[in-house]
There are 2 protein chains.
Amino acid sequence: MKVILTIIDGLGDRPIPELENLTPLEAARKPNLNKLAKSGVCGVMNAIAAGVRPGSDTSHLAILGYDPRVYYFGRGPFEAVGIGMDVDPGDIALRVNLGTVEKNFNIIDRRAGRIENVEPLIKDLNDIVLNGVRFSIKAGTGHRAALVLKGKNLSQEISDGDPHITGVKVNKILPKNKTSAAKKTAEVLNKFLDKAYKLLEGYPLNKERIKNSLPPANYLLVRGVGKLARFEPFNEKYGFSKSCCIAGAGLYKGIALVLGMDIVEVKGATGLPNTNLERKFKTAKEMTKVYDFVFLHIKAADSLGEDGNFRGKKEFIEKIDKASKHFLNLKNTFVVVTADHSTPCCLKAHSGDPVPLMITGPGVRTDNCFKFEERECAQKGCLGKITGLDLMPEILNLIGKNKIYGA
Amino acid sequence: MKVILTIIDGLGDRPIPELENLTPLEAARKPNLNKLAKSGVCGVMNAIAAGVRPGSDTSHLAILGYDPRVYYFGRGPFEAVGIGMDVDPGDIALRVNLGTVEKNFNIIDRRAGRIENVEPLIKDLNDIVLNGVRFSIKAGTGHRAALVLKGKNLSQEISDGDPHITGVKVNKILPKNKTSAAKKTAEVLNKFLDKAYKLLEGYPLNKERIKNSLPPANYLLVRGVGKLARFEPFNEKYGFSKSCCIAGAGLYKGIALVLGMDIVEVKGATGLPNTNLERKFKTAKEMTKVYDFVFLHIKAADSLGEDGNFRGKKEFIEKIDKASKHFLNLKNTFVVVTADHSTPCCLKAHSGDPVPLMITGPGVRTDNCFKFEERECAQKGCLGKITGLDLMPEILNLIGKNKIYGA
């Protein structure tokens, strides 16, 4: 039995007056998703708990069966792994923006004029060792990068350097508690950021940018610090021989990599509304020939919700529905479709409203829920209301892979 | 966004043959409550957990978001605070009946002939210090009072003095474990109760009562011992600027005060079936002009259930429905209506049956539940079945005030 777990990020929503008080999902034409719902068992899910507003990282950990209350110590490591960096349990990682500061460290631009490639600028910052801590840095997309600290006695309990606004000075990194680890980590990171500033400031590429009236990328604005926990590999935990992830955005690849999944790259998988849904769904289906478990992540429903673009969200869902035709009538495969959290257009933010969930596959208790919608799944679904941590046990149960508890 | 949380104490019930197998709530004419249900999202709730029979104190703590497994060490402190006593974290408080005992401490009357005002009798007992423990006592209604012990190393792990029946001797207070704190608390309390007996026995007012063939109020029957936990203030916990409580009964005011809410006194709010519901509901609505969060407590549905008076309970619910007209079509306000527990008339006691729950306000996922009833809310409500500890997160989520967990 194979499993395709499809997470449509930020799918859930609230009734929208302009859509006749339907949610974008309820308003969308979605014959394929509805066919799947009709052939499956439905319900609703709160990734963390009722009413709790999940982050993108914590919700995915919970859904994949890793309690974030145990395994989550900040987002940085997943982002760093997601762009191909080497992060080990205990390492500290941070997200980085290359920004522009004045001589007095006043921030002029948090994205250095949306500079497109920072790799040439930061390559000299790589592998610097200070007080026994090794710093690695790697470029992400655009002005973004990630920074990894390897060393003994490091802590994620430090403050952000990035104040998240311009017109103010950068923040010194401060320890959040009195442990020697937090103090040491803050100190050595401040030292590194100073050194980085001096190097970046004098860098010919930056001098050239100034000459061309472009803001120099002269400061590393760090945020999202985290420490990587030690995870039991996904395949071992659940008895899969191979599992993989298909995703556009780095965070989800990072989480999958940390858990020991393979990454299947799909051309045109951008994590944006223009992503190649057709190819992603088709690839997910094909990958069940090779993998026991395929984790398919679709990002843009969340971004459209955060923009408050309910028509865009509805249309994007309709595109997902078209691509979902690849999931109809699969043999020996359980198709799970759900979301990590709601992103109501009226809030333009993640929310704790439950998300719809459906599981189709041989032998499931099909119910009277014939539409893959927030309210229909809540009112008619046989799965009831579960949490993210319940999902993997439910899936393992249906495919007959869960271990007996007791005798 | 404002919130009115309405707790109808003991509202839930079981089908009653004389009401054509409907519950009092199902049998009641309640057009306004049903209108609210239709415009809102519904569900059912167990304050503590499925099947668990909650006390009045533990259920309210849970519903307001304070896990009683962490914050509950007995009822006494809430009762003491509710009648205006000063209780600090770590203090021990007990409920007191002024009763009548014979010379051999045999109890003749647990309420001293339902004596109406005990303040003149107990005022000399106030501020007595024994072994470094200061005793404060204050009259409640009728024969009732509360007793507070302030001192170092005190414990709530002691037995009741009140055997809850007459014709037997009063109980000596015993430590429930071997800690020095429990031993010390039992000892000093026994010493105080002896001293109080001697003072009360010789008190002219009591001699006068005997002369008038009234039982003297000569013994402090103590019960409901508790230690006050340290609570994070409600407003800080949830980011409200101001919150208030409207209640007739002392316990609920006590809980609200301990959590840092203001008490809004309403003339005619008695906590009895004769309470001025009209004025309580109207005041709750008006208070949303001043307060972010209004906790409205209605007591008598519980007492009527405990009397097994199902017709009275139905009629009282119909009066609540009339007063609920003030909650129709409110702007920028979430109206939450639920109960702390069921008090089925057939049991004449609290039960663990879930209670109906509805939340109305802008943007909620209205469902097909058009009646505010136990079974309708369970079968058609989109909120599903939640626990008391889930309620505040659900409310905060809907009003957009819950913090993100993760990033």
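Each chain gets a letter, A, B and so on, in the order its sequence line appears, and its residues count up from 1.
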Of the non-hydrogen atoms in [X] and [Y], which two are nearest, and what is the gap between them?
X	Y	answer
Thr58(A)	Gly406(B)	CG2-CA, 3.5 Å
Cys382(B)	Arg375(A)	SG-CG, 3.6 Å
Gln379(A)	Asn368(B)	OE1-N, 2.9 Å
Val52(A)	Asn402(B)	C-ND2, 4.2 Å

Segment of [X] engaging chain B (4.5 angstrom heavy-atom cut-off):
X	answer
Asp13(A)	backbone
Pro354(A)	both
Ser342(A)	side chain
Arg69(A)	both
Arg75(A)	side chain

Taking Asp390(B) for its side chain and Ala50(A) for its backbone only, find out whether a donor-acceptor pair lies under 3.5 Å.
no

Rounded at 0.5 Å granularity, tell me how far OG in Ser56(A) sits from CD1 in Ile404(B).
7.0 Å

Who are the ring-ring contact (aromatic ring centres under 6.0 Å, His included) partners of Phe295(A), not counting sequence neighbours?
His60(A)

Name the member of Glu374(A), His350(A), His341(A) that forms the most heavy-atom pairs with chain B at distances under 4.5 Å.
Glu374(A)

Heavy-atom pairs under 4.5 Å with chain B, option from Ala378(A), Ala349(A), Gly352(A), Cys346(A) with the top count
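Winner by heavy-atom pair count: Gly352(A).
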
Using distance only, find each side-chain donor-acceptor pair of residues 32-42 of chain B under 3.5 Å and give its atom names and separation, not counting sequence neighbours.
{"from": "Asn32(B)", "atom 1": "ND2", "to": "Asp321(B)", "atom 2": "O", "distance (Å)": "2.9"}
{"from": "Asn34(B)", "atom 1": "OD1", "to": "Phe372(B)", "atom 2": "N", "distance (Å)": "2.9"}
{"from": "Ser39(B)", "atom 1": "OG", "to": "Lys35(B)", "atom 2": "O", "distance (Å)": "3.4"}
{"from": "Ser39(B)", "atom 1": "OG", "to": "Leu36(B)", "atom 2": "O", "distance (Å)": "3.0"}

Is the closest side-chain donor-acceptor distance between Thr366(B) and Arg14(A) under 3.5 Å?
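Arg14(A) and Thr366(B) do not have a side-chain donor-acceptor pair below 3.5 Å.
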
Please indicate whether [X] has more than 12 foreign heavy atoms, meaning atoms of other residues, nucleotides or ligands, lying under 6.0 Å from its [atom1].
X	atom1	result
Lys380(B)	NZ	no
Lys371(B)	NZ	no
Glu18(A)	CD	yes

Please state whether the side chain, the backbone, both or neither of Leu398(B) comes within less than 4.5 Å of a heavy atom of chain A.
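Both backbone and side chain.
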
Looking at Lys385(A) and Glu394(B), is any side-chain nitrogen of the basic one under 4.0 Å from a carboxylate oxygen of the acidic one?
yes

